[in-house]
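Written below as structure tokens is the structure these notes are about.
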Amino acid sequence: MTRTSIREVLQSDSPEPEVLIEGWVRTKRDSKAFSFIEVNDGSCLANLQIVADATLEGYDESVIPLTTGASVSIRGKVVESQGKGQNWEMQAISVKLLGAAEGDFPLQKKGHSMEFLRSIAHLRPRSNLFGAVFRVRSRMAYSIHQFFQEQGFVYVHTPVITASDCEGAGEMFRVVTMDGEEVRLGDDEFFGKPSYLTVSGQLEGETFACALSNIYTFGPTFRAENSHTSRHASEFWMIEPEIAFCDLNADMDLAEAMIKHLVTDALESCREDLGFFDKFVDKGLIGRLESVRDRAFERVSYTDAVKILQESGAKFEYPVEYGHNLQSEHERYLTETHFKCPTTVYDYPKEIKPFYMRTNDDGKTVAAMDLLVPGIGEIVGGSQREERLDVLRANMKAHALEEADYSWYIDLRRYGSVPHAGFGLGFERLLMFVTGVANIRDVIPFPRTPGSAEF
RNA sequence: UCCUCUGUAGCUCAGCGGUAGAGCGGGUGGCUGUUAACCACUAGGUCGUUGGUUCGAACCCAACCGGAGGAGCCA
């Protein structure tokens, strides 16, 4: 007999004489004449309620010993439920205990802290919350590919190991080989020179955009920053589209369209899971996502944003000053208090941005943009890239970078250079935004943070 | 890297100077369709570690270790 998913069973529109379901016991309630077993197989948030009569063959061996966490294979009749709380339930025909769960199974029906659940990252996907988070994560990954593929973008796999110290930003993890306990360095180095885990596929992505026009990357990136916040991880996934023949305006259009597409799809495809988040994790989540879907985003230049902040009368811990990066509190004020919606800030002073961003005609600012969302802050960072060879060289000099290290990148400007632009989207930050989950460690299966690489 | 909070039973917590408690979970028994089921009984703890203050420390002090939050940096 073929297994039916619990999701399909619960979506039945008529009774079924016999189906087979398999999953894990969430809870069991016994009375003298029968037991109620709640089974979840991860196909959806809801459990299937099984009614197992005490007269069932093997009841004492298969049903009585069931505890939370045990795995079962159950055949039964799908019938309308007599009780409240569910439309359908299963009247068991046979219950088979596949794997018993020992008495110290750590997941209970209530009262776990997120910290504790992180310490059992191998079991937490069996909880309602994490099951929902990782179903949404999967759907959003699919939806990202769908968004780009439907517009003819080519998916490019940029390298995880890189020898270019991408834009000189952020601490990097060094990749080494070992000779026993000895690290091989110098002439012994595996690649003949220092190599690192990538912090961004952008520069490599640009080379492909300058051939295939519209490309995107979607893969893991690594930062060795010693940062202890709920929004940073040492290993995270990033989406980086790069578009040739494109300026900053079209880049911002694309970023906004992508966020809207993802939020719209989440609302349509993940309703049950979002409903759970809205109820237990972040009240008002669905309403907020609907307004993101339906309302236009705001756009404001860095110069105007500074004016808004200075004239706001709000008290900030750090002063607002042209030429300085916007602080977290400033970003929060713009998106949560002033505009009350996702907001793109563009045209930043060139001094505070990397060398590859395109210098604007004013000579003071670069064509950079950050898309800020309420509750999280920066979710997208992007720019139009400097396509003019002489300006790029001058910028590199100003940033004290060696041209020899970026010869291949400079070549793009020597052979058929085109205006192009792109951005990076932090996948986990998007998931925090869509699910309302407050900590990045809880939207990635096995989080890596400073001092912690369990599992 | 800096600042702040925190560490008591498997879990969530109470106890805050007189030597360990509850609820949940586990075990056993009971129970009329329950759904965070219910009722009874029961097992389970060198109170993060080390040192100090005190007649006496889970409680006060110090250092260390673990966890969390914020800042910076960023995605």
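Convention: sequence-line order gives letters A, B, ...; per-chain numbering from 1.
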Roughly how far apart, to the nearest Å, are B:rU46 and B:rU19 at atom C1'? 13 Å
Integer-rounded Å distance: B:rC73 C1' and A:I440 CD1: 14 Å
Now, which nucleotide makes the Watson-Crick or G-U wobble pair with B:rC60, with each of the two distances under 3.5 Å? B:rG52
Quick one: salt bridge (Lys or Arg N to Asp or Glu O under 4.0 Å) partners of A:R295, sequence neighbours excluded? none
Could you tell me which nucleotide pairs with B:rA75 by Watson-Crick or G-U wobble geometry, both distances under 3.5 Å, or answer none if nothing does? none
Could you tell me whether A:F222 and A:Y196 have their ring centroids closer than 6.0 angstrom? no
Between protein and nucleic acid, restricted to nucleotides 1-5 of chain B and to nitrogen or oxygen atoms under 3.5 Å apart, what atom pairs and distances do you find?
unit_1: B:rU1; atom_1: OP1; unit_2: A:N226; atom_2: ND2; d: 3.4
unit_1: B:rU1; atom_1: O4; unit_2: A:N226; atom_2: O; d: 2.5

In whole angstrom, what separates A:D442's CG from B:rG67's P? 15 Å
Is there a Watson-Crick or G-U wobble partner for B:rG25 with both distances under 3.5 Å, and if so, which one is it? none
Taking atom P of B:rG10 as reference, at what distance in whole Å does atom CD of A:E115 sit? 18 Å
So, under a plain 3.5 Å distance rule, would you say the side chain of A:H112 forms a donor-acceptor pair with the base of B:rC11? no
Can you tell me, in whole Å, how much space there is between the P of B:rC60 and that of B:rG17? 8 Å
By nearest nucleotide on RNA chain B, pick out whichever of A:A233 and A:G451 is the more 5' one. A:G451
Close approaches to RNA chain B from residues 320-334 of chain A, in residue order (heavy atom, under 4.0 Å): A:N325, A:Q327, A:S328, A:R332
Base paired to B:rU19 (Watson-Crick or G-U; both N/O distances under 3.5 angstrom): none
Students often get this wrong, so: under 4.0 angstrom with heavy atoms, is A:F116 touching a base, only sugar-phosphate, or nothing? sugar-phosphate
Tell me the salt bridge (Lys or Arg N to Asp or Glu O under 4.0 Å) pairs involving residues 314-333 of chain A, sequence neighbours left out? none
Test side-chain contact (heavy atoms from CB on, under 4.5 Å) applied to A:E61 - qualifying residues, sequence neighbours left out: none
Can you check the distance between B:rA9 and B:rG51, where both ends of the measurement are the C1' atom (answer in whole Å)? 27 Å
Separation of A:E428 atom CD from B:rC74 atom C1', in whole Å? 14 Å
In whole angstroms, how far is the P atom of B:rC11 from the CE atom of A:M114? 17 Å
Side-chain N,O (A:R231) to OP1/OP2 (B:rA71) below 4.0 Å: yes
Atom-to-atom span, CG of A:L117 to P of B:rG67 - whole angstrom: 16 Å
Sugar-phosphate means primed atoms, P, OP1 and OP2; the rest is base. With that split, encode nucleotides 25-34 of chain B 5' to 3' as B, S or - using protein heavy atoms under 4.0 Å. SSS---BSBB
Taking the C1' atom of each, how far is B:rU50 from B:rA57, in whole Å? 15 Å
Taking only residues two or more places apart in sequence or in another chain, which ones pass salt bridge (Lys or Arg N to Asp or Glu O under 4.0 Å) with A:R358? A:E387
Identified pairing partner of B:rC47, criterion: Watson-Crick or G-U wobble below 3.5 Å: none
Under the salt bridge (Lys or Arg N to Asp or Glu O under 4.0 Å) definition, can you give me all pairs with a residue in residues 425-437 of chain A, not counting sequence neighbours? A:R137-A:E428
When all nucleic acid strands are considered with a 4.0 Å heavy-atom cut-off, which category describes A:R441: base, sugar-phosphate, or nothing? sugar-phosphate
Output field: ring centroids A:Y406/A:F355 closer than 6.0 Å: yes
Residue from A:V437, A:D442, A:L123, A:V443 passing side chain to side chain contact (heavy atoms under 4.5 Å, CB included) with A:F130: A:D442
Nearest-angstrom distance, P atom, B:rG45 to B:rC61: 29 Å
Want to settle it: does A:Y318 or A:P450 sit nearer the 5' end of RNA chain B, counting the closest nucleotide to each? A:P450
Rounded to whole Å, how long is the line connecting atom CD of A:E225 with atom C1' of B:rA71? 14 Å
Single hit among A:Q86, A:R29, A:K28 for side chain to side chain donor-acceptor pair (under 3.5 Å) with A:E38: A:R29
Give me the distance, rounded to whole Å, that separates B:rU42 from B:rG25 when you measure between the C1' atoms they each carry. 14 Å
Rounded off to whole Å, could you give me the CG-to-P distance for the A:L129 and B:rA36 pair? 18 Å
Does A:D278 pair with A:R288 as a salt bridge, N-O distance under 4.0 Å? no
Show me the donor-acceptor pairs, under 3.5 Å and distance only, between side chains in residues 446-455 of chain A and residues at least two apart or in other chains.
unit_1: A:R448; atom_1: NH1; unit_2: A:F446; atom_2: O; d: 3.4
unit_1: A:R448; atom_1: NH1; unit_2: A:E454; atom_2: O; d: 2.9
unit_1: A:R448; atom_1: NH2; unit_2: A:F455; atom_2: O; d: 2.7

So the ring-ring contact (aromatic ring centres under 6.0 Å, His included) pairs with at least one residue in residues 334-354 of chain A (sequence neighbours excluded) are A:Y302-A:Y348
Any strand, both distances under 3.5 Å, Watson-Crick or G-U wobble: B:rG69 pairs with B:rC3
Provide the full list of salt bridge (Lys or Arg N to Asp or Glu O under 4.0 Å) pairs with a residue in residues 88-105 of chain A, sequence neighbours left out, each pair given once. none
What pairs of residues pass the salt bridge (Lys or Arg N to Asp or Glu O under 4.0 Å) test when at least one of them lies in residues 343-355 of chain A, not counting sequence neighbours? A:K353-A:D370
Which is true for A:S35 with a 4.0 Å heavy-atom rule: it touches a base, it touches only sugar-phosphate, or it touches nothing? nothing
How far does the C1' atom of B:rU49 sit from the matching atom of B:rG67, given to the nearest Å? 15 Å
With rounding to whole Å, what would you report as the distance between B:rU1 and B:rC59 at their C1' atoms? 33 Å
